[in-house]
Amino acid sequence: MTSFAHCITHWQRHFGRHDLPWQGCRDPYPVWLSEIMLQQTQVTTVSGYFPRFMAHFPDVRALAAAPLDAVFSLWAGLGYYARARNLHACAVKVVAAHGGKFPETAAALAELPGIGRSTAAAIAAFAYSERAAILDGNVKRVLCRCFAIEGVPVGTVEKELWALASSLLPASVDMSVYTQGLMDLGATLCIARKPRCPECPLATSCLAWQQGRVQDLPTPKIKTRKPQRRSEFLLITDGKNILLQRRPPTGIWGGLLTPPEGLERLLDFGLSARNLQTLPPRTHVFTHFRLEIHPYLCRVEQMLLFVSEPGLECLTLEDALQAGVPAPVSRLLREVMALTSDKRDI
Ligand code: SF4
């Protein structure tokens with residue numbers, strides 16, 4: 001179905017996005033970096049992070065040579081921190097195993113840490129013009145609607161979509177324009193709610209639009225309630241410094257700094273519940289569960305006694321904000337700064 005590819009590329013050239021910070025360059029390093037950042041993250045958010053990251057780590061060797069903490073620090077707030085860990089691991093592997101040069105095929109790219117099949121195809125299409133099919137969430141939505149594909153797009157339905165995406169690959173048009181066009185269409189017209197079908201270049205052939213089934217496709221997953229977990233965060237501060245703990249490298253917020261957790265740890269620090277000020281609880285939603293955070297502000301006279309335990313770090317509040325801390329911790333640190341500003345002003 002060549003008309004599908006031509007519709008997409010023609011539309012992209014006239015109505016697609018052309019001024020994103022990572023566009024207009026075939027160097028695989030920025031292409032890869034942007035594709036990893038764009039996984040599960042909006043273009044508007046990535047547009048702020050990408051230039052900062054490039055300024056600090058202008059090439060794959062600079063990134064591979066950097067300590068992981070420095071990567072986390074620049075990634076803080078983007079979420080899905082396993083991406084940052086894999087990003088660093090991938091840079092290290094590209095330098096160590098490929099002499100600092102990214103492999104030039106989607107299949108070889110998919111062997112690197114953090115690069116799945118769709119991301120590998122996108123990098124190969126943008127950097128090397130390879131005819132490789134992408135299938136991210138947006139593209140699944142476009143294909144399910146356009147071809148009226150029933151069923152939740154996982155498992156066998158996902159396999160069907162991969163086969164369809166491959167069969168639609170154009171033989172003769174610019175792969176980077178086609179790939180960008182699919183991404184742009186899924187992000188700007190064929191959006192989940194209220195798609196803009198009258199403006200869509202696929203409207204005349206889109207089965208979901210023709211059949212009035214746009215809102216029914218893709219078939220939604222059956223929603224299950226996410227399990228809830230609870231954690232108490234101890235914000236131990238003298239008003240200038242804060243005690244943080246380096247998390248284990250894997251698991252949630254792996255490798256990042258967060259406050260010590262659990263009221264039972266007060267004893268470890270020679271503190272009691274009398275020292276605590278309860279702050280409003282809040283919820284952070286992860287992919288597979290909701291974390292109910294109960295923060296406690298604990299003001300102490302001086303911090304020195306607490307930092308002998310491995311993994312504990314005492315940072316100034318300002319430095320802590322610059323370090324690799326997850327977004328909810330960053331918000332808490334700002335609250336601590338506001339609540340203790342009298343001490344810092346002395
Ligand atoms: S016509 Fe509507 S549903 Fe079909 S691909 Fe275009 S935006 Fe999506």
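All of these numbers come straight from a predicted model, not from anything done at the bench. As the structure lists them, so they are numbered: ligands from 1, and atoms in each ligand from 1.
- For Arg246 (side chain) and Gly255 (main-chain N/O), a donor-acceptor pair under 3.5 Å exists by modelled atom type.
- By the 4.5 Å heavy-atom criterion applied to side chains, Leu202 and Trp11 are not counted as neighbours.
- With a 6.0 Å cutoff to the six-membered ring centre and a 45° limit on the axis angle, Arg145 does not count as a cation-pi contact of Trp209.
- At a threshold of 4.0 Å, the pair Asp174-Arg26 counts as salt-bridged, since one of the basic side-chain nitrogens sits closer than that to a carboxylate oxygen.
- A side-chain donor-acceptor contact under 3.5 Å links Arg83 to the backbone of Met37.
- Under the side-chain hydrogen bond (donor to acceptor under 3.5 Å, both in side chains) criterion, Gln40 pairs with no residue at all, not counting sequence neighbours.
- Listing protein N, O or S atoms at distances below 2.8 Å from atom 8 (Fe) of ligand 1, with waters left out, gives Cys190 SG.
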